[in-house]
Student: 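Structure below; questions to follow.
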Amino acid sequence: MDSTVSVQQQFSHRMVKHKPGELLEETYTVKDPLGSGRFGKVWLVEDQKTGDKFAAKQCACRRASQRKEFELEIEIMNSLDHPKLLQLYDAFFGKNDVTLILELVTGGELFDRIADEAFDLTEALAVKYIRQICEAVQYMHGNMILHLDIKPENILCVSPERLDSIKIIDFGFARKYTPNSPLKIMFGTPEFVAPEVVNFDPLGKGTDMWSIGVVTYVLLSGLSPFMGEDEQETLSNVTACDVDFDDDSFDDVSDDAKTFITKLLDIRESKRPNCAECLEHSWLSKEDQHRKSLSAAVVNLKKFVARRKWVRSINAVRAMTRLQAGLKKNDDPSTSK
Ligand code: PIT
């Protein structure tokens with residue numbers, strides 16, 4: 001079954017080479033803030049010549065190693081041309097910051113929209129979302145790229161009028177994958193990372209599939225399957241693969257959906273279904289079933305979204321403190337490189 005959701009792309013895919021930071025202000029005018037996250041602030045900007053609107057993500061970036069990370073992100077975005085993956089338009093490297101000019105989407109974060117009062121979440125709609133995520137990730141995996149940070153914050157709605165159409169953002173953790181040279185990295189978001197990330201074992205395509213399983217679980221229940229009292233407990237719940245569907249909010253969720261999630265949350269990376277297998281799974285192939293409203297999930301999702309925002313604001317303060325500490329250190333001639 002093809003995705004029933006087609007979207008227009010704002011511009012056709014471009015190969016972006018970064019330009020000097022001084023050119024940024026000559027080319028774009030900053031309008032309104034669009035949001036913020038781990039990645040820094042995102043602004044609505046306008047091309048001064050054409051009036052075209054874009055999103056601009058700006059990050060403080062002073063070290064050569066941080067610049068390398070952005071070069072990799074640009075290289076990866078240059079190789080990804082898919083309507084469900086946010087496209088890169090332009091990039092500027094300034095003295096102390098990096099700015100990426102990105103495709104503009106205006107619908108905000110998917111989970112924020114679902115937690116809205118009037119939103120009628122059904123399993124049929126969840127199927128539509130998870131299909132789009134699987135199609136996008138299938139394309140990435142086909143190009144031997146792992147996303148490695150699939151989580152609710154990185155799923156945006158295309159526009160307030162098209163809340164059924166989404167795009168995946170943030171390729172800041174994405175990596176090229178070569179089966180014979182094991183990729184071991186320790187990053188990501190505790191609630192959504194796979195056991196092999198926590199255990200520092202080799203990562204693979206299955207690592208993203210685990211995160212899709214967690215996102216599906218949260219989408220259908222509003223509950224976070226591995227959430228503990230603190231980060232340590234969350235990570236040990238992940239490595240124990242300790243997951244159940246006991247909560248009342250699962251009463252309205254189909255067995256088909258639970259089987260789908262269980263297959264993805266397999267402790268063995270290589271045993272998890274890939275995107276093609278997910279798209280063929282009976283839960284994802286019957287979009288027109290399950291029209292019942294998941295009202296318990298929406299109630300829980302409101303709490304989930306509020307808690308995530310709190311965690312993110314704490315992390316933003318921590319990042320700022322680290323940044324300031326780093327700046328102080330750099331000011332000290334005895335420690336600067
Ligand atoms: C938009 C609208 C919006 C946020 C974004 C884009 C953010 C995109 C983004 C892209 C990345 C990344 C982090 C954030 O690493 O509200 O059009 O590649």
Side-chain angles (χ1 to χ4, degrees), residues 7-11 13-16 18 28-47 52-61 66-93 97-116 132-133 136-137 139-140 143 145-163 165-176 185 187-189 192 208 211 305 308-309 312 315-316 319:
V7 270
Q8 261 189 308
Q9 236 156 300
Q10 196 192 349
F11 50 85
H13 183 75
R14 304 163 34 113
M15 296 303 273
V16 172
H18 64 81
Y28 299 95
T29 312
V30 178
K31 303 293 215 187
D32 310 306
L34 282 169
S36 58
R38 175 184 68 77
F39 41 74
K41 270 217 158 70
V42 181
W43 300 85
L44 175 74
V45 297
E46 204 175 271
D47 183 318
D52 290 343
K53 292 185 171 65
F54 300 94
K57 163 181 114 154
Q58 192 163 60
C59 301
C61 178
Q66 289 175 309
R67 262 158 216 272
K68 278 261 169 297
E69 279 173 35
F70 276 102
E71 277 167 20
L72 178 65
E73 183 169 349
I74 292 170
E75 192 187 323
I76 284 181
M77 291 189 86
N78 275 337
S79 68
L80 297 173
D81 177 11
H82 190 275
K84 297 283 153 199
L85 301 173
L86 198 85
Q87 296 292 300
L88 179 64
Y89 189 77
D90 220 344
F92 298 88
F93 279 24
D97 52 37
V98 166
T99 307
L100 300 184
I101 306 294
L102 301 149
E103 185 180 0
L104 178 65
V105 292
T106 54
E109 289 175 26
L110 170 64
F111 278 38
D112 283 350
R113 296 292 79 77
I114 296 177
D116 278 353
Q132 292 174 67
I133 295 170
V137 175
Y139 172 86
M140 289 186 76
N143 285 284
I145 293 168
L146 311 181
H147 186 283
L148 299 177
D149 200 22
I150 296 170
K151 60 178 177 182
E153 288 96 309
N154 288 338
I155 306 165
L156 300 187
C157 294
V158 168
S159 76
E161 296 78 37
R162 292 298 313 268
L163 292 182
S165 177
I166 52 142
K167 287 190 196 249
I168 294 184
I169 63 162
D170 198 347
F171 304 92
F173 284 159
R175 289 291 178 277
K176 285 184 202 153
I185 316 176
F187 55 41
T189 310
F192 303 95
D208 282 332
S211 305
V305 164
R308 293 288 309 152
K309 293 223 183 300
R312 281 153 77 182
N315 285 345

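As the structure is a prediction and not an experimental result, all values here were calculated from the model. Counting convention: from 1, in listed order, for ligands and their atoms alike.
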Student: Could you label the plane-to-plane angle of the F70 and F93 rings as parallel, tilted or perpendicular, counting under 30° as parallel and over 60° as perpendicular?
Tutor: perpendicular
Student: As an exercise, identify every atom of ligand 1 less than 4.0 angstrom from a heavy atom of A55.
Tutor: 1 (C), 6 (C), 17 (O)
Student: Set out, in order, the CA-CA distance, both residues' side-chain angles and the distance that settles side chain to side chain donor-acceptor pair (under 3.5 Å) for D90 and Y28, then state yes or no.
Tutor: CA-CA 11 Å; D90 220 344; Y28 299 95; 2.9 Å; yes
Student: Can you sort out which atoms of ligand 1 are near L104, meaning under 4.0 Å from one of its heavy atoms?
Tutor: 17 (O)
Student: Inspect the contact between D170 and K151 and indicate whether a charged nitrogen and a carboxylate oxygen are less than 4.0 angstrom apart.
Tutor: no
Student: Does the pair K57/E73 count as a salt bridge with the N-to-O cut at 4.0 Å?
Tutor: yes
Student: Compute the minimum heavy-atom distance from E109 to ligand 1 and say whether it is under 4.0 Å.
Tutor: no
Student: Can you tell me if NZ on K176 sees more than 12 non-hydrogen neighbours from other groups inside 6.0 Å?
Tutor: no
Student: Give the atoms of ligand 1, by number and element, whose distance to some non-hydrogen atom of F171 is under 4.0 Å.
Tutor: 15 (O), 18 (O)
Student: Using a 4.0 Å cutoff against the non-hydrogen atoms of L102, which atoms of ligand 1 qualify?
Tutor: 8 (C), 9 (C), 10 (C)
Student: In Å, rounded to the nearest 0.5 Å, how long is the span from CD of E103 to CG of L86?
Tutor: 5.0 Å
Student: Between F54 and L102, is there a side-chain heavy-atom distance shorter than 4.5 Å?
Tutor: no
Student: Should one rank I101, L156, L88 by closest heavy-atom distance to atom 4 (C) of ligand 1, which comes out on top?
Tutor: L156
Student: Examine the proximity of ligand 1 to V42 and report which part, side chain or backbone, both or neither, has a heavy atom under 4.0 Å away.
Tutor: side chain
Student: Looking only at heavy atoms, is any part of T106 under 4.0 Å from ligand 1, and if so is it the side chain, the backbone, or both, or is it neither?
Tutor: neither
Student: With heavy atoms under 4.0 Å as the rule, classify the contact between E103 and ligand 1 as side chain, backbone, both or neither.
Tutor: backbone
Student: Can you list the atoms of ligand 1 that are under 4.0 Å from a heavy atom of L34?
Tutor: 2 (C), 16 (O)
